[in-house]
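Following: one structure in structure tokens, then a few remarks.
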Amino acid sequence: MTDKRTTVLDAAIELLGTEGLRALTHRRVDSIADVPAGSTSNYFRTRQALVEGVLDRLLERDRVDVAARAGAASAAPRDERELEDLLCGYVLFATDSDTVRTRARFAMFVEAMAVPELRAAVEIRRSELRAWGAAMLADLGADGPGESDAGARLLVDYLDGVILHRLTSGSDPDPREGIRRILEAVLRPQHAR
């Protein structure tokens, strides 16, 4: 990704996270990114292309942040405890120092309920995230692809809910116990029943 393109996408994320999806225009992104007028539309001809670029950038930044939290380029936890620590750290990061990006992501989710094209674009990225999670779960012993896929869906959905709750409820309980229980259910399903 070119530096200016990255700057434009990061400015779009900032705009989404502070003012919501309706504020997202090429002109406003140019202004926030402090780039020449027309730069955003040069990279992203349509609003849909800009939105999809933002979704890709959000996923890219998530991967980088998770890898950094894991301390390895692959971000593959070696055991259940490492995965628990990684996920707890991510939830705390997403609801504290990274709230603008998190609000941008949730603005996309809310808008996707009403806009089929956006819903499809969100689902493509969410599927990629679930596949990444399924691979981690499979490496830690989730039984078979069906189990790791279902487990990843459950885990991603749970994390989205915990993050949303922490951002909107005014309370911020430690997410560790819930994450531990979800991981136990996913990695040792016979014990969870």
Side-chain angles (χ1 to χ4, degrees), residues 13 16-17 52 54-113 118-193:
I13 291 168
L16 282 167
E52 290 193 28
V54 166
L55 288 169
D56 288 338
R57 180 68 176 145
L58 285 167
L59 185 60
E60 174 189 348
R61 287 179 62 184
D62 282 347
R63 285 181 179 270
V64 168
D65 289 342
V66 169
R69 298 200 85 67
S74 67
R78 292 174 296 199
D79 59 32
E80 189 175 331
R81 178 62 182 207
E82 279 189 13
L83 181 55
E84 179 184 314
D85 289 344
L86 176 68
L87 296 174
C88 286
Y90 179 76
V91 167
L92 295 173
F93 174 69
T95 57
D96 184 29
S97 57
D98 199 35
T99 56
V100 169
R101 185 166 31 145
T102 302
R103 287 194 313 255
R105 181 180 301 103
F106 279 103
M108 295 277 208
F109 293 171
V110 169
E111 188 71 13
M113 289 187 288
L118 182 55
R119 186 170 42 251
V122 165
E123 185 52 34
I124 288 168
R125 278 69 177 191
R126 187 174 274 151
S127 293
E128 185 176 334
L129 179 62
R130 283 193 300 260
W132 186 38
M136 277 194 254
L137 292 173
D139 288 345
L140 294 179
D143 294 333
E147 287 297 319
S148 59
D149 292 344
R153 178 180 291 278
L154 180 65
L155 186 58
V156 168
D157 290 350
Y158 180 78
L159 293 174
D160 280 345
V162 167
I163 290 168
L164 182 62
H165 178 76
R166 287 178 60 88
L167 288 177
T168 60
S169 73
S171 68
D172 55 349
D174 186 345
R176 184 169 298 277
E177 181 61 27
I179 290 171
R180 181 179 299 124
R181 287 178 182 216
I182 291 292
L183 288 175
E184 286 174 3
V186 167
L187 292 172
R188 293 186 301 280
Q190 66 278 8
H191 297 348
R193 293 180 191 166

What are the two closest non-hydrogen atoms of [X] and [Y], and how far apart are they?
| X | Y | result |
| --- | --- | --- |
| A134 | A152 | N-CB, 3.4 Å |
| D174 | R166 | N-NH1, 4.4 Å |
| P77 | L140 | O-CD2, 3.6 Å |
| A112 | R119 | O-NH1, 2.9 Å |

Any heavy-atom pair between the side chains of [Y] and [X] that's under 4.5 Å?
| X | Y | result |
| --- | --- | --- |
| L83 | L137 | yes |
| V156 | L129 | yes |
| L183 | L87 | yes |
| I13 | R57 | yes |
| E184 | E84 | no |

Salt bridge (Lys or Arg N to Asp or Glu O under 4.0 Å) between R130 and E123, intermediate numbers included
CA-CA 10 Å; R130 283 193 300 260; E123 185 52 34; 2.4 Å; yes
Hey, could you give me the [atom1]/[atom2] distance between [X] and [Y], rounded to the nearest 0.5 Å?
| X | Y | atom1 | atom2 | answer |
| --- | --- | --- | --- | --- |
| F93 | D65 | CZ | CG | 4.0 Å |
| S148 | L155 | OG | CG | 11.5 Å |
| E80 | L187 | CD | CG | 5.0 Å |
| I182 | L159 | CD1 | CG | 8.5 Å |

Sidechain N-carboxylate O distance under 4.0 Å for [X], [Y]:
| X | Y | result |
| --- | --- | --- |
| D56 | R125 | yes |
| E60 | R63 | no |
| R176 | D85 | yes |
| R78 | D139 | no |

Run the side chain to side chain contact (heavy atoms under 4.5 Å, CB included) test against I124 and tell me which residues pass, sequence neighbours left out.
none
Residues in side chain to side chain contact (heavy atoms under 4.5 Å, CB included) with T102, at least two apart?
A94, D98, R105, F106, I163, L167
Examine distances only and state if a side-chain atom of T99 and a backbone atom of T95 form a donor-acceptor pair shorter than 3.5 Å.
no
Can you tell me which residue among M113, E52, E111 is in a side-chain contact (heavy atoms from CB on, under 4.5 Å) with L118?
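Looking at M113, E52, E111, the match for L118 under the side-chain contact (heavy atoms from CB on, under 4.5 Å) is E111.
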Any chance you could lay out the salt bridge (Lys or Arg N to Asp or Glu O under 4.0 Å) test for R101 and D62, step after step, and finish with the verdict?
CA-CA 10 Å; R101 185 166 31 145; D62 282 347; 3.3 Å; yes
Are R181 and Y158 in a cation-pi setup, meaning NZ or CZ lies under 6.0 angstrom from the ring centre and within 45 degrees of the ring axis?
no
Are E82 and M136 close enough, and set up right, to give a side-chain contact (heavy atoms from CB on, under 4.5 Å), and what steps lead you there?
CA-CA 11 Å; E82 279 189 13; M136 277 194 254; over 6 Å; no
Counting only heavy atoms not in R153 (residues, nucleotides, ligands), do more than 12 fall under 6.0 Å from its CZ?
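Incorrect, the count does not exceed 12.
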